[in-house]
Every structure is written in C-alpha cells, then in structure tokens.
Amino acid sequence: MKLYGATTNQGKLREFDAEALPGLASIDPPEETGQTFEDNAIQKALHYSGFTTGYVFADDSGLAVDALDGAPGVYSARYAGPDANSEANNRLVLERMNGIANRRARFVSVIALARQGRLIQTFRGEVEGELLETPRGTGGFGYDPLFYYPGFGCTFGEATLAQKQTVSHRARALAAMREYLQGRNESASDSAE
C-alpha cells in the first residue's frame, strides 16, 4: 500500500518521516475554511487524494492556549496575519499572554486519511504543556521554542527531533493512523486465508 503525506512543510515531513505526494508543489492547495482541525485536515486530504491512486494523509495542527480560549487554534500558522512567520506568531502569542498566570497549552494534530476522494478515517493527537514567557531553543518549528514539555524539562525547541517524535501531537496522531492501517492489513490478510 502506497502512503503519501500531503504537506510542503518540511518540518512536518521530517516529523512524519513520510514521502511527500509526488508533484505536490505544483498542485494548488485547497482553501482552509474549516472551524476545527478535523475540518481542515479532511478538506486537505480529500483534495490531494484526487491526484493519486494511493492513500494520502494530511494534517491540520496547531497550538491551543487555555487562557486565550483555545487560540491560536486553526489559525496557528497565520495567527499574526496571512503572511506571518513563526517569529511574528510567537511574538503575538507572548503579547496576548503578557501578565497571565495560567500558561497551560496543548499542541493538537488531526490527520485525515483519504483515498481517491473518499475519507477513510481521522486520527487525533494532543500533547499538554505550558507556554514560557520567552522562547528557548532553535530546534523544531512554529511554536516549539515557547512550548515547555514537563516530561522533558525543556521546550520542544530545545528537544531533539527523536525526543519530540516520542510524545508530540503529530507523533501520536501518526501512531494512531499506523495502528489503524496495520489492523486493516491484518484483516485483509485474515480474510484472504
């Protein structure tokens, strides 16, 4: 079974350790109009699955901060504006969190799996942590330098990729998808016997 990741985000591809959908860079992306991570992941997976006969997975992910009522949420990549970069997004989160004691936050990832325009399943992963008042570390991407994970005693920006892949939201959603696909393969093998 061929499985492709539908993202041009090199940080995500590294974390997924997946092959990108061939020709992805030349395919116009769908508009992300969903109100939830699930909505957006499904839109992307269905869109890109029309360009191959294999399985395609797409994720929508972001940071949800308790004190900001779940923001930046589905707007994580464009929190500071449509052309914002990670530095601008981080700066805006820090501005809005200035003086707030409750720093609880979580990363959320939803992966949608599709094949030839048909949704197969969605998978959700979350990891809890808290936001620091200043960024630490140069690893990872996005909000990683702000996201302190107590289990590591450091931010995701300070953690190695190997460490992050053991607990991250994306790793958890990916593990759930792989488990699902393994179960489907085993069922197909059992029914063929």
Side-chain angles (χ1 to χ4, degrees), residues 5 7-16 29-45 57-112 122-177:
T7 181
T8 56
N9 181 315
Q10 293 304 307
K12 287 184 179 184
L13 276 177
R14 274 191 305 277
E15 288 186 20
F16 285 134
E31 206 173 324
E32 294 181 39
T33 57
Q35 297 299 305
T36 66
F37 294 115
E38 284 82 3
D39 291 342
N40 286 335
I42 290 168
Q43 284 177 1
K44 290 186 273 190
F57 71 92
D59 101 305
D60 197 52
S61 53
L63 179 70
V65 181
D66 288 358
L68 300 178
D69 295 323
V74 296
Y75 303 104
S76 290
R78 54 195 185 279
Y79 193 50
D83 298 318
N85 61 19
S86 294
E87 187 179 321
N89 289 331
N90 281 315
R91 190 169 43 251
L92 182 58
V93 165
L94 288 175
E95 285 172 16
R96 293 190 172 163
M97 290 296 293
N98 189 33
I100 295 176
N102 176 7
R103 315 285 297 181
R104 288 191 55 199
R106 74 205 40 79
F107 274 125
V108 178
S109 173
V110 174
I111 292 176
T122 61
F123 310 91
R124 187 180 183 95
E126 297 187 13
V127 61
E128 298 282 337
E130 57 189 62
L131 295 183
L132 297 182
E133 294 183 5
T134 56
R136 286 191 348 209
T138 57
F141 63 99
Y143 298 96
D144 285 354
L146 291 181
F147 189 80
Y148 179 83
Y149 180 65
F152 291 162
C154 67
T155 67
F156 272 8
E158 295 169 301
T160 66
L161 177 59
Q163 282 178 302
K164 187 177 171 189
Q165 286 178 315
T166 63
V167 299
S168 80
H169 54 307
R170 206 165 281 114
R172 290 174 178 181
L174 187 61
M177 180 181 70

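Note that these values count all heavy atoms, side chains included, but never hydrogens, waters or copies made by symmetry. Owing to the predicted nature of the structure, the values given are computational and were not obtained by experimental measurement.
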Enquirer: Per the salt bridge (Lys or Arg N to Asp or Glu O under 4.0 Å) rule, what does the pair list look like for residues 74-83, sequence neighbours excluded?
Expert: none

Enquirer: How far does OG1 of Thr36 sit from CZ of Arg124, to the nearest 0.5 angstrom?
Expert: 8.0 Å

Enquirer: Just jot down the side chain to side chain donor-acceptor pair (under 3.5 Å) partners of Arg106, sequence neighbours excluded, or say none.
Expert: Asp66, Glu128

Enquirer: Please find the pair of heavy atoms, one from Ala58 and one from Lys44, that lie closest to each other, and give the distance.
Expert: CB-CB, 3.6 Å

Enquirer: Go through the structure and list residues passing side chain to side chain contact (heavy atoms under 4.5 Å, CB included) with Thr166, not counting sequence neighbours.
Expert: Phe152

Enquirer: Under the salt bridge (charged side-chain N to carboxylate O under 4.0 Å, His left out) test, which residues partner Glu158, sequence neighbours left out?
Expert: Arg136

Enquirer: By side chain to side chain contact (heavy atoms under 4.5 Å, CB included), which residues pair with Ala112, not counting sequence neighbours?
Expert: Ala41, Ile42, Ala45, Leu119, Thr122

Enquirer: Pick out which of Val108, Asn89, Leu131 makes a side chain to side chain contact (heavy atoms under 4.5 Å, CB included) with Leu63.
Expert: Leu131

Enquirer: Does Asn85 have any side chain to side chain donor-acceptor pair (under 3.5 Å) partners at least two apart in sequence or in another chain, and if so, which?
Expert: none

Enquirer: Quick one: NZ on Lys12 to CG on Leu174, what's the gap to the nearest 0.5 Å?
Expert: 12.5 Å

Enquirer: Once rounded to the nearest 0.5 Å, what's the spacing between atom OG1 of Thr33 and atom CG of Asn40?
Expert: 6.5 Å

Enquirer: Below 3.5 Å, can you tabulate the donor-acceptor pairs from side chains in residues 68-75 to any protein atom, sequence neighbours excluded?
Expert:
none

Enquirer: Going by the rule side chain to side chain donor-acceptor pair (under 3.5 Å), which residues pair with Gln165 if we only count those two or more places apart in sequence or in a different chain?
Expert: none

Enquirer: Distance-only, no hydrogens or angles: does the Glu38 side chain make a donor-acceptor pair with backbone N or O of Val110 under 3.5 Å?
Expert: no

Enquirer: Give every donor-acceptor pair under 3.5 Å between a side-chain atom in residues 143-150 and any protein atom, sequence neighbours left out.
Expert:
unit_1	atom_1	unit_2	atom_2	d
Tyr143	OH	Ser76	O	2.8
Asp144	OD1	Lys164	NZ	3.3
Asp144	OD2	Phe141	N	3.1
Asp144	OD2	Lys164	NZ	2.4

Enquirer: State yes or no: are the ring centers of Phe57 and Phe123 separated by less than 6.0 Å?
Expert: no

Enquirer: Determine whether more than 12 heavy atoms belonging to other residues, nucleotides or ligands lie under 6.0 Å from atom CD of Glu31.
Expert: no

Enquirer: With the side chain counted from C-beta on, respond yes when Arg91 and Leu94 share a heavy-atom pair under 4.5 Å apart, and no when they do not.
Expert: no

Enquirer: The criterion is side chain to side chain contact (heavy atoms under 4.5 Å, CB included); which residues satisfy it with Ala67, sequence neighbours excluded?
Expert: Met97, Ile100

Enquirer: About how many Å separate CZ of Phe37 and OG of Ser109, when rounded to the nearest 0.5 Å?
Expert: 8.5 Å

Enquirer: Asp39 and Gln35: which non-hydrogen atoms are nearest, and at how many Å?
Expert: OD2-N, 3.2 Å

Enquirer: Applying side chain to side chain donor-acceptor pair (under 3.5 Å), can you list everything that pairs with Arg96, at least two apart in sequence or on another chain?
Expert: Tyr79

Enquirer: If the condition is side chain to side chain contact (heavy atoms under 4.5 Å, CB included), which residues does Thr160 pass it with, not counting sequence neighbours?
Expert: Ala162, Gln163

